[in-house]
K.L.:
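For reference, the structure I am asking about is given below.
The first residue of the sequence shown is numbered 1, and numbering continues consecutively from there.
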Amino acid sequence: MNSCLVVGANSDIAKALVRELAKEGYERFYLASRNEEALDLFAKDLKVRFPSVEVKTYPFDLCRLEEHESFLESLPELPYLVVVSAGYLSRNYALSSLRKEFLKNAQVNYLCPGAFLSSVAEKMAKRGEGFIVGFSSVAGDRARPSTFLYASAKAGFSELLNGLRMFLKPYGVKVLTVKPGFVRTKMTEGIKVPSFLGAEPEEVARDVAKAIKKGKGGVLYTPFYWRFIMAFIRLLPESLLSRSSL
Ligand SMILES: NC(=O)c1ccc[n+]([C@@H]2O[C@H](COP(=O)([O-])OP(=O)(O)OC[C@H]3O[C@@H](n4cnc5c(N)ncnc54)[C@H](OP(=O)(O)O)[C@@H]3O)[C@@H](O)[C@H]2O)c1
């Protein structure tokens, strides 16, 4: 039960989560990302902080769909916990790049993680246990003019995770849909929000690690107050949202 695969492991939130899981007693980490150099630096740092953990790193592009199966087969084991934290955010789209941005958002935020987790789900279900964590976003709860391509892909990913949770329940596999609010990471660099709305990756990581420890799956808004903010935003009329710069 103490092994974990993270895809998109160079994400700032994922790194904080890995440190949190190492504190919780996870012993074996398989970290995958396109940037092997950055990942190796992180792995070295992790070994210094937690000398007893085993860490292996893998160059892996989630959007090379044809490599999913061979990548999973190449791991020394099918880990108990699989986390997908890869994501792509673009904002304020130009008409001329709408199609290109649609495809990129749909691929990185929905199609590729969805395909990967479908393979993971099959393997975990056959084994009869496992825990899947997918990083979606509160953005997927309501489309806004500045981020609707990201939002629509994350909406699909949230529902995929929610569906997988119900589908996999009889097989003993748990699924956690994580919906972070605004988190200060390289993804959100340069975006201005009121300081009380911005969380640090460590705060989100603690919430996710706590939910994993509970062992139940479900939908996690993190920090928790985003559940209420989004409940309010969902009620706003489209006329108001389309006039805003949100
Ligand atoms: N930050 C926020 O406010 C926020 C809010 C809501 C939801 N989220 C979601 O939470 C997750 C983590 O976000 P973050 O802020 O920690 O992001 P981040 O630091 O920008 O990291 C995103 C990671 O996605 C990886 N990635 C992108 N395309 C990939 C691909 N094709 N294959 C493999 N990896 C790929 C990148 O890894 P490499 O370039 O190293 O391969 C990058 O390290 C994302 O899914 C994001 O959408 C974030």
Side-chain angles (χ1 to χ4, degrees), residues 3-11 13-14 17 29-36 39 56-90 99-137 139-141 143 147-180 187 208 212 217-220:
S3 56
C4 169
L5 164 67
V6 185
V7 173
N10 264 328
S11 119
I13 298 175
L17 177 61
F29 291 95
Y30 308 105
L31 307 179
S33 140
R34 292 170 307 177
N35 186 342
E36 212 184 357
L39 205 53
K56 287 190 195 309
T57 60
Y58 299 85
F60 182 61
D61 185 336
L62 190 57
C63 286
R64 293 211 178 130
L65 300 178
E66 68 287 359
E67 290 176 13
H68 287 180
E69 280 295 323
S70 56
F71 168 66
L72 284 168
E73 296 297 332
S74 75
L75 298 175
E77 62 182 316
L78 176 64
Y80 173 73
L81 176 65
V82 172
V83 179
V84 172
S85 57
Y88 170 72
L89 170 70
S90 58
R99 179 185 158 84
K100 188 172 138 243
E101 282 301 326
F102 166 76
L103 289 171
K104 184 135 192 222
N105 273 281
Q107 279 166 353
V108 181
N109 296 313
Y110 177 65
L111 181 75
C112 303
F116 182 74
L117 287 180
S118 302
S119 295
V120 169
E122 182 189 352
K123 290 179 192 305
M124 282 186 172
K126 283 182 180 158
R127 179 177 64 186
E129 68 166 14
F131 202 117
I132 290 172
V133 175
F135 275 88
S136 187
S137 171
D141 284 12
T147 55
F148 67 94
L149 295 178
Y150 175 75
S152 63
K154 287 294 194 184
F157 191 45
S158 293
E159 285 310 305
L160 175 76
L161 292 164
N162 295 343
L164 274 178
R165 180 165 48 255
M166 295 183 272
F167 181 74
L168 293 174
K169 196 174 176 191
Y171 299 97
V173 179
K174 315 280 177 10
V175 180
L176 181 68
T177 310
V178 184
K179 294 186 176 184
M187 179 175 276
V208 177
I212 294 169
V219 179
L220 175 73

K.L.:
For a quick test of reading the model, state the closest non-hydrogen atom pair linking Asp61 to Cys63 and the distance between them.
P.N.:
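Taking Asp61 first and Cys63 second, the nearest heavy atoms are OD1-N, 2.8 Å.
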K.L.:
Considering all heavy atoms of both residues, which atom of Leu176 and which atom of Gly217 are nearest to each other, and what is their separation?
P.N.:
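So the two residues come closest at CD1-C, 3.9 Å.
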K.L.:
Would you check if Val175 and Phe167 make a side-chain contact, meaning some heavy-atom pair closer than 4.5 Å?
P.N.:
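No, side chains not in contact.
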K.L.:
Do Ile13 and Ser85 have side chains that approach each other closer than 4.5 Å (heavy atoms only, starting at C-beta)?
P.N.:
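SC-SC contact between Ile13 and Ser85 ruled out.
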K.L.:
Counting only heavy atoms not in Tyr58, do more than 12 fall under 6.0 Å of its OH?
P.N.:
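Above 12, so yes.
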K.L.:
Taking C-beta and beyond as the side chain, do Ile132 and Leu168 meet within less than 4.5 Å on heavy atoms?
P.N.:
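Answer yes - side chains close enough.
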K.L.:
Work out which heavy atom in Leu31 is nearest to a heavy atom in Ala9; give both atom names and the distance.
P.N.:
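That would be CB-CB, 3.8 Å.
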K.L.:
Looking at residues at least two apart in the chain, or sitting in another chain, which of them share a salt bridge (Lys or Arg N to Asp or Glu O under 4.0 Å) with Lys104?
P.N.:
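Testing Lys104 for salt bridge (Lys or Arg N to Asp or Glu O under 4.0 Å), a comparison that skips the adjacent residues, returns none.
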K.L.:
Is any side-chain heavy atom of Leu72 less than 4.5 Å from a side-chain heavy atom of Phe116?
P.N.:
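Answer yes - side chains close enough.
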K.L.:
Does any donor atom in the side chain of Glu77 or Tyr30 lie under 3.5 Å from an acceptor atom in the other side chain?
P.N.:
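Yes, a side-chain donor-acceptor pair sits under 3.5 Å.
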K.L.:
Which pair of non-hydrogen atoms, one from Leu164 and one from Ala121, has the smallest distance, and what is that distance?
P.N.:
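Answer, listing the atom of Leu164 first, then Ala121: CD2-CB, 4.1 Å.
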K.L.:
Looking only at heavy atoms, which two atoms of Glu36 and Pro59 are closest? And how far apart?
P.N.:
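Nearest heavy atoms, Glu36 then Pro59: OE2-CD, 3.5 Å.
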K.L.:
How many angstroms lie between CG in Leu75 and NZ in Lys123, if you round to the nearest 0.5 Å?
P.N.:
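Rounded to the nearest 0.5 Å, the CG-NZ separation comes to 9.5 Å.
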K.L.:
I'd like to know if the side chain of Arg127 and the backbone of Glu129 have a donor-acceptor N/O pair within less than 3.5 Å.
P.N.:
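Between the backbone of Glu129 and the side chain of Arg127 there is a qualifying donor-acceptor contact (under 3.5 Å).
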K.L.:
Using side-chain heavy atoms (C-beta onward) and a distance below 4.5 Å, is Leu62 in contact with Val108?
P.N.:
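They are not in side-chain contact.
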K.L.:
Taking only distance into account, with no hydrogens and no angle test, what donor-acceptor pairs under 3.5 Å do side-chain atoms of residues 150-161 form with protein atoms, sequence neighbours excluded?
P.N.:
residue: Ser152; atom: OG; partner: Phe148; partner atom: O; Å: 3.1
residue: Ser152; atom: OG; partner: Leu149; partner atom: O; Å: 3.0
residue: Lys154; atom: NZ; partner: Phe135; partner atom: O; Å: 2.9
residue: Ser158; atom: OG; partner: Ser136; partner atom: OG; Å: 2.6
residue: Ser158; atom: OG; partner: Lys154; partner atom: O; Å: 3.1
residue: Glu159; atom: OE2; partner: Asn162; partner atom: ND2; Å: 3.3

K.L.:
Should Met124 and Lys174 count as side-chain neighbours, where that means a heavy-atom distance under 4.5 Å?
P.N.:
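Side chain of Met124 against side chain of Lys174, heavy atoms only: no contact under 4.5 Å found.
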K.L.:
Among Phe71, Phe60, Phe29, exactly one meets side chain to side chain contact (heavy atoms under 4.5 Å, CB included) together with Leu5. Which residue is that?
P.N.:
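Per the side chain to side chain contact (heavy atoms under 4.5 Å, CB included) rule, the option paired with Leu5 is Phe71, out of Phe71, Phe60, Phe29.
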K.L.:
Between the side chains of Tyr88 and Glu101, does any donor sit under 3.5 Å from an acceptor?
P.N.:
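Tyr88 vs Glu101: donor-acceptor pair found between side chains.
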K.L.:
Nearest 0.5 Å please: distance from the CD atom of Glu69 over to the CD atom of Glu122.
P.N.:
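Answer for the CD-CD pair, Glu69 versus Glu122, is 7.0 Å.
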K.L.:
Taking side-chain hydrogen bond (donor to acceptor under 3.5 Å, both in side chains) as the definition, give me every residue that meets it alongside Glu67, ordered by chain and number, with sequence neighbours left out.
P.N.:
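Per chain and number, Glu67 pairs via side-chain hydrogen bond (donor to acceptor under 3.5 Å, both in side chains) with no residue.
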K.L.:
Determine whether a donor-acceptor pair (N or O, by modelled atom type, separation under 3.5 Å) exists between the side chain of Asn35 and the backbone of Asn10.
P.N.:
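No, Asn35 side chain to Asn10 backbone: no donor-acceptor pair under 3.5 Å.
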K.L.:
Supply the atom-to-atom distance Leu81 CG to Ile212 CD1, rounded to the nearest 0.5 angstrom.
P.N.:
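Spacing of CG (Leu81) from CD1 (Ile212) equals 4.5 Å.
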